[in-house]
Amino acid sequence: MAALADIRCSCKACTKIRLTIDQIFCVLDVYGWLLNSYVVDFFQEGLWHKLPESWRLSLQDTSSQEFGKWLSGDISCTRVWPLSLIALRQVTNNLQINRNHEDPESVISCKLDNTGKDIDKKKFDEDKVDMSKESSFLDSKLNKLFSKHIKKKKKYEIQEIAQVCANCAYASNCKCIVDIGAGMGHLARTLAFQHGMCVTCIEQDRMLLQQARKWDQELLTSIRKHLPNFCEKCPQHYPAKLELSNLVDSELISHLQDLFENGFNLTKTDTTFGLVGLHPCGDLAPLLLRLYSSRSEAKFICIVGCCYMKLTLKSDIGELKGYPLSQYLISCKNHELTYTSLEVACHAIEKYCDKLKTGDYQDLIVHTYRAALETILIKKNEKLRHSQLRNVKVTRGMTFQQYCTAATSHFEAYLQPEDCDINNSEIASHLNRWQEVLVFGSLRMMLAPLVETVVLLDRFLFLSEKNLSPTLKPIFDSRLSPRNLVLMSKKNNELLS
């Protein structure tokens, strides 16, 4: 414990974070079973009757709209709720990370007592103005070109995070960016052509990489029709899979620096870089954090994580890999999270509450259909428990029988539900309990932000313990982009020496 105490930051943010994590696990000790339950087992395991009796009595005649209002903190809801339920909602709201991107108080920063030099703010401002002269023209005249091939949600995310990444680069006096898991290169093109960055993309899928190169050239050609003297270079693309072995091997770093030198005519001293990841999946985000913390060439990091359920909790040799990362959580006996809790943490409670409040929750009835179908499948064959079914969106008017047919269309004929399996009093009783299923799912959603909070604060502490001054900030509207928190860090000169 003495060694752990040596690496703990004593700033207000980190001290509060450690206390918050401890409090969250106290809550999960009591109510974690909700997160660890599968809604698909609602009827099979009698999940409704596992709720406290006072909750059931209050919730059984509560409309979905009313419960959605209460869940979102709407003060117009006047129902008398059980005190334990009120307390749980309040403590959950208090402990979770603030996801409001418009709230200036939502930013969490570690204030380490290090000796790094401050940025020359005048130079930073001048560089930013010079860079944005051409960018502003592109924004106003060529916006459609940058939007081509990109869906509305992705376009919004790219514009927001690109500005954050560019700001980190300017503040770090860094010209180069490595976009990890770059996909088809939408973010890389924005960083390169709108913000003037030298960008190298790492992507393991060669088909995506080829498409990215094609669209790079397509966009550059289109821009030069409007700006003949436009001289920004296309992103470089490197096919590779980032793995734990890469982090201790300098070959990857050397290759990246060669790409920056040769592709952008830079000197060796100009090839230090920032690491960027827009929704790196599962273990990729922890790998990026380890890469950033272990290599002096990496001057900043800027990532927005996702797909927490794909995190490796333990590797084959018993070493912790994707979660937890921080020594603080590793040292805690009570730090375990499950696949089911991590999966529900990937959903947006804000959008969920909106659906309940407005009565637009028809698609959520799929959970009742799926739970009822589970009882049928298990009766046919126990091996069908938790089977992978076709993804079916329940639309208004879709019957349970239609859902069953679509969801099991890939099953052998003898395993598919028959009319007698579907049209009976037991199934009818299950389907009539759709509001209970909806409320049970809502209670899980209420707790879900606590799980994301633990994962992100663990990553925050990992950087803090390495004296890397992290910042955690919501940058997207959570209703448009549920995973909206960016984790950033910039190294000072002493850390780079």
Side-chain angles (χ1 to χ4, degrees), residues 23-96 99 338 340-341 343-345 347-372 374-375 394 425-453 479:
Q23 291 173 329
I24 286 175
F25 279 109
C26 286
V27 174
L28 296 183
D29 278 345
V30 180
Y31 296 107
W33 71 270
L34 276 163
L35 287 168
N36 296 329
S37 298
Y38 288 96
V39 179
V40 69
D41 295 326
F42 185 83
F43 303 116
Q44 196 68 26
E45 296 187 3
L47 295 180
W48 179 257
H49 295 286
K50 292 184 179 182
L51 295 173
E53 183 180 7
S54 61
W55 293 19
R56 298 199 309 269
L57 291 173
S58 177
L59 295 172
Q60 65 185 1
D61 63 345
T62 303
S63 70
S64 301
Q65 290 92 330
E66 186 178 13
F67 189 64
K69 286 182 179 181
W70 177 81
L71 200 60
S72 63
D74 190 332
I75 60 174
S76 67
C77 185
T78 58
R79 175 181 288 267
V80 178
W81 303 91
L83 287 176
S84 58
L85 188 55
I86 293 173
L88 180 59
R89 187 194 66 173
Q90 189 60 48
V91 76
T92 301
N93 290 342
N94 291 343
L95 293 177
Q96 66 183 268
R99 290 160 48 80
T338 63
T340 50
S341 65
E343 192 279 330
V344 75
H347 299 282
I349 187 171
E350 297 89 352
K351 203 168 182 179
Y352 193 93
C353 287
D354 289 346
K355 287 185 176 184
L356 294 179
K357 287 190 294 184
T358 60
D360 184 25
Y361 45 74
Q362 186 65 34
D363 60 322
L364 300 179
I365 304 299
V366 69
H367 300 301
T368 306
Y369 280 9
R370 178 63 184 89
E374 181 76 357
T375 64
V394 174
S425 58
E426 182 183 15
I427 294 300
S429 175
H430 289 339
L431 297 179
N432 284 334
R433 297 174 63 193
W434 65 270
Q435 284 188 296
E436 292 178 0
V437 179
L438 206 56
V439 167
F440 187 87
S442 301
L443 292 171
R444 297 179 76 238
M445 289 296 295
M446 180 176 71
L447 292 169
L450 295 182
V451 179
E452 180 176 41
T453 295
R479 284 177 169 81

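Given the structure is predicted, the values throughout are model-derived calculations rather than measurements. If you read the sequence from its start, that first residue is 1, and numbering goes on from there. Excluded from the calculations below are hydrogen atoms, water molecules and symmetry mates; all remaining heavy atoms, backbone and side chain alike, are included.
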- Note, Arg79 side chain near Asp61 side chain (heavy atom, < 4.5 Å): yes

- Message: Less than 4.5 Å apart, side chain to side chain, heavy atoms only: is that true for Val439 and Thr62?
- Response: no

- Message: If you apply the rule side-chain contact (heavy atoms from CB on, under 4.5 Å), what do you find for Trp33 with Lys50, and how did you get there?
- Response: CA-CA 10 Å; Trp33 71 270; Lys50 292 184 179 182; 3.6 Å; yes

- Query: Any side-chain heavy-atom pair from Leu447 and Thr92 closer than 4.5 angstrom?
  - Reply: yes

- Would a distance-only check, ignoring hydrogens and angles, find a side-chain to backbone donor-acceptor pair under 3.5 Å from Gln90 to Ile86? no

- Query: Under 3.5 Å, side chain of Ser58 to main-chain N/O of Ser54, donor-acceptor pair present?
  - Reply: no

- Task: For the pair Arg370 (side chain) and Val39 (backbone), establish whether a donor and an acceptor sit closer than 3.5 Å, ignoring hydrogens and angles.
- Result: no

- Message: Using modelled atom types and a 3.5 Å cut-off, is there a donor and acceptor pairing between side-chain atoms of Arg89 and backbone atoms of Met446?
- Response: no

- Message: Can you tell me how the ring of Trp48 sits relative to the ring of Phe42, calling it parallel under 30°, perpendicular over 60° and tilted otherwise?
- Response: tilted

- Note on the structure: CG of Leu35 to CD of Glu343, rounded to nearest 0.5 Å, is 11.0 Å

- Query: Within a strict 4.5 Å, meaning less than it, do heavy atoms of the Thr368 and His430 side chains meet?
  - Reply: no

- Do Asp354 and Arg479 sit within salt-bridge range, that is, some charged N less than 4.0 Å from a carboxylate O? yes

- Message: With heavy-atom distances below 4.5 Å as the criterion, would you say the side chains of Phe440 and His367 are in contact?
- Response: no

- Side-chain contact test, heavy atoms from C-beta onward, threshold under 4.5 Å: evaluate it for Leu443 versus Leu88 and give yes or no. no

- Dump the intermediate steps for side-chain contact (heavy atoms from CB on, under 4.5 Å) on Ile427 and Thr375, then the final yes or no. CA-CA 9 Å; Ile427 294 300; Thr375 64; 3.8 Å; yes

- Query: Judged by atom type as modelled, is there a donor-acceptor pair below 3.5 Å linking the side chain of Arg433 to the main-chain atoms of Phe43?
  - Reply: no

- Task: Would you indicate whether the side-chain heavy atoms of Trp70 and Leu85 approach each other to under 4.5 Å?
- Result: yes

